[in-house]
Amino acid sequence: MPQYNRLRGTKDVIPAQTQLWEQIIMKAARTLKLYDYSLIVTPVIEETALFIRGVGEGSDIVMKEMYNFQDKKGREIVLRPEGTASVVRAYIENSLPVKSNLYYIGPMFRYEKPQKGRDREFYQIGVESFGDPTPYKDAETVKLAETFLKELGINAFEIQVNSTGCKECKPKYIEVLLNFLEPRKAMLCEDCLKKIERGAAIRVLDCKNEKCRETVMSAPLVTAHLCEPCDTHHKLFLEALKINGVKFIENPRIVRGLDYYTKTVFEFITDKIGAQQNTILAGGRYDNLVWELGGKKTPAVGFAAGVERIAEVINAGGGFTTEDKVDIFVITDKQYIKNAYALVNTLRESGIKAVMSYEEKSFKSQFREADARKAKYAAIIGETEIQNKTVMLKNMETGEQKETNEQGIINLFK
RNA sequence: GUGGCUGUAGCUCAGGGGUUAGAGCACUAGGUUGUGGCCCUAGGGGCCGUGGGUUCAAUUCCCAUCAGCCACCCCA
């Protein structure tokens, strides 16, 4: 018999994990509705050009991480590497209301080398809010993200915020930065030199190399080079966060890897996963993307959270105690299996989670199984019970048992 | 994409160039003629990741490959 295995970097999410996923999705949906967001579902496949235009030609995602292929007509197709470009495309294509609050959940694909906290297929829950240019919206979005995580019992994270400026001041800042780096090239690692060459000088700021970090310590900060409107926006954003009671850390060195961000950017970082992949949620404002993808000039802000990473954090904190106990395990002799079968059905019709073994097994085995399934009660139907038209009900925790009947059991669970 | 470590039962792992490869846990059955958890006994289950090479002989040594983990890179 041939054996088939998962493709590299993919995983099966089995019941031991999906219980947690159900919780994450349910709680996310509740919080999102509170903030007036609606679900949007877009295709997993899109034309490749959407992401080249949307995410940016120079980004790593586009340069080396896209799962792209040609379909039977030779069209360039890609398994979406992220959600924002798709949602923006759908927003434009469906002429949605200018002000729209949308959320999505689904798999994303990136052809990367897998390691802990980083798969080739992974799930994201994300939100995108269109039509509101104010910093209040930025702060609301951060607050929403914080609420979502706290609802899940996650408190061990740090919120880092920054502004990357707009298309007016960003290029000017990069020039200032280049002037600073130029005489210090000898101090930088090879990767950073490459970053400068391919026009991604800002990425030097978040290099983890010791020497680079030291060098960059005294580098000019973006926040000090924002144009007037961006600076005002940023200050008001920080103030709005305080009004919302959000605790944050200003980190002028966070740089998002996707090219579309303008002004506000933020990251939620945890130290609970025990891996280097410690960003569980990240996002920011992107005021030019809708226009760049062919829509009307529309401001927008959003974020995306990694479902697997969130699940990891929850598990690291002991996980959830989910109630998956069976209410009643029905136990019987082989000649009364049909009677037991009928009882299980009746109980279920009354909303009671009842199970039994259809196979002929000894009482001992059936009790062992009832125990393994963590049944609250065992209901025994044997010869005497059939004769008396009763059911022996045993409390599996206390060990007490008493004779009752079908209706008695149903009443017990009302 | 680069570098390092690892790959033996469902899980955690031991072992070792030569007959039938082990342990604990889990699983199944039994230890009362109708009663679980603890305990005891028995049992099932392994192409020793895959392919090739060296050898009289490979699961053990060598190479390749695949996969996982870690670091870099990057990101959710």
Side-chain angles (χ1 to χ4, degrees), chain A residues 1-3 5-11 14 16 55 58-65 81-84 105-126 145 149 157 189-192 194-195 200 203 206-209 212 254-258 266-270 273-283 302-313 329 331-336 359 361-386 392-401:
Chain A
M1 286 290 277
Q3 289 285 310
N5 300 316
R6 274 170 279 136
L7 256 28
R8 179 161 214 208
T10 65
K11 77 269 159 196
I14 57 177
V55 178
S59 68
D60 275 54
I61 290 179
V62 167
M63 286 205 305
K64 48 187 208 191
E65 294 174 1
E82 60 108 40
T84 302
I105 176 164
M108 305 296 162
F109 303 83
R110 289 182 200 169
Y111 199 93
E112 299 186 269
K113 187 147 178 174
Q115 56 181 269
K116 202 182 207 80
R118 196 176 70 185
D119 291 324
R120 286 183 174 177
E121 181 195 32
F122 59 98
Y123 277 71
Q124 285 190 334
I125 292 179
L149 292 175
F157 56 78
C189 69
E190 284 198 23
D191 284 331
C192 282
K194 274 187 213 154
K195 289 174 192 169
R203 313 222 98 259
D206 66 352
C207 182
K208 278 149 196 144
N209 182 293
C212 295
I254 65 171
V255 178
R256 314 275 31 259
L258 290 70
F266 53 87
E267 290 186 0
F268 285 53
I269 296 169
T270 181
I273 303 182
Q276 291 316 104
Q277 319 305 325
N278 55 9
T279 304
I280 52 175
L281 182 154
F303 70 73
V307 175
E308 291 86 350
R309 288 184 188 178
I310 285 171
E312 274 284 314
V313 173
F329 195 102
I331 290 172
T332 190
D333 257 336
K334 64 180 176 202
Q335 61 266 46
Y336 302 119
E359 290 167 290
K361 287 182 160 183
S362 68
F363 270 54
K364 184 200 272 287
S365 285
Q366 292 183 73
F367 267 100
R368 278 181 177 161
E369 194 175 337
D371 197 55
R373 298 289 291 274
K374 295 185 171 63
K376 292 173 195 155
Y377 293 92
I380 304 132
I381 307 183
E383 189 144 14
T384 31
E385 288 78 14
I386 292 290
M392 186 63 82
L393 190 68
K394 176 170 181 174
N395 183 318
M396 292 296 281
E397 217 168 297
T398 63
E400 289 169 52
Q401 54 182 49

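A note on names: the letters A, B, ... follow the listed sequences, proteins ahead of strands, and every chain is numbered from 1.
In this structure, the nucleotide among B:rA76, B:rG30, B:rC73 sitting nearest to the side chain of A:Ser362 is B:rG30. In this structure, of B:rG1, B:rA76, B:rG68, it is B:rA76 that holds the atom nearest to the side chain of A:Arg110. With B:rU35, B:rC75, B:rA29 as the choices, the nucleotide that has an atom nearest any side-chain atom of A:Lys361 turns out to be B:rA29. If you check B:rG1, B:rC74, B:rA76 against the side chain of A:Phe122, the one that comes closest is B:rA76.
Separating the C1' atom of B:rU8 from that of B:rC40 is a span of 29 Å, rounded to the nearest Å.
For B:rU35, the base is stacked against the aromatic ring of A:Phe367, per a cut-off of 5.5 Å between centres and 30° between planes.
Residue-to-nucleotide proximity on RNA chain B shows that, of A:Gly399 and A:Pro114, the 5′-proximal contact is made by A:Gly399. If you find the closest nucleotide of RNA chain B to A:Glu383 and to A:Arg6, the one lying nearer the 5' end belongs to A:Glu383.
Judged by atom type and distance alone, A:Lys364 does not reach the base of B:rG30 through any side-chain donor-acceptor pair under 3.5 Å. Residue A:Gln401 places a side-chain atom within donor-acceptor reach of the base of B:rU35, judged by atom type and a 3.5 Å distance cut-off alone.
In this entry the distance linking CG of A:Leu149 with P of B:rA76 reads 15 Å, nearest Å. The separation between A:Glu112 atom CD and B:rA76 atom C1' is 10 Å, rounded to whole Å.
Atom CG of A:Asp333 and atom NZ of A:Lys361 lie 15.0 Å apart (nearest 0.5 Å).
Looking at heavy atoms from C-beta onward, A:Lys364 lies in side-chain contact with A:Arg368 at the 4.5 angstrom threshold.
A cation-pi arrangement is absent between A:Arg120 and A:Phe109, since the terminal nitrogen or guanidinium carbon is not both under 6.0 Å from the aromatic centre and inside a 45° cone about the axis.
Within 4.0 Å (heavy atoms only), A:Gly9 reaches sugar-phosphate atoms of the nucleic acid but no base atom. At a threshold of 4.0 angstrom between heavy atoms, the contacts of A:Glu359 with the nucleic acid are absent.
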Checklist line | Dot-bracket pairing map - RNA chain B, Watson-Crick plus G-U, both contacts under 3.5 Å, | cross-strand | finding: (((((((..((((....[...)))).(((((.......))))).....(((((..]....))))))))))))....

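Between A:Gln115 and B:rA71 there is a side-chain N or O to OP1 or OP2 distance below 4.0 Å. Phosphate proximity of B:rC72 to A:Arg118: absent, as no side-chain N or O sits under 4.0 Å from OP1 or OP2.
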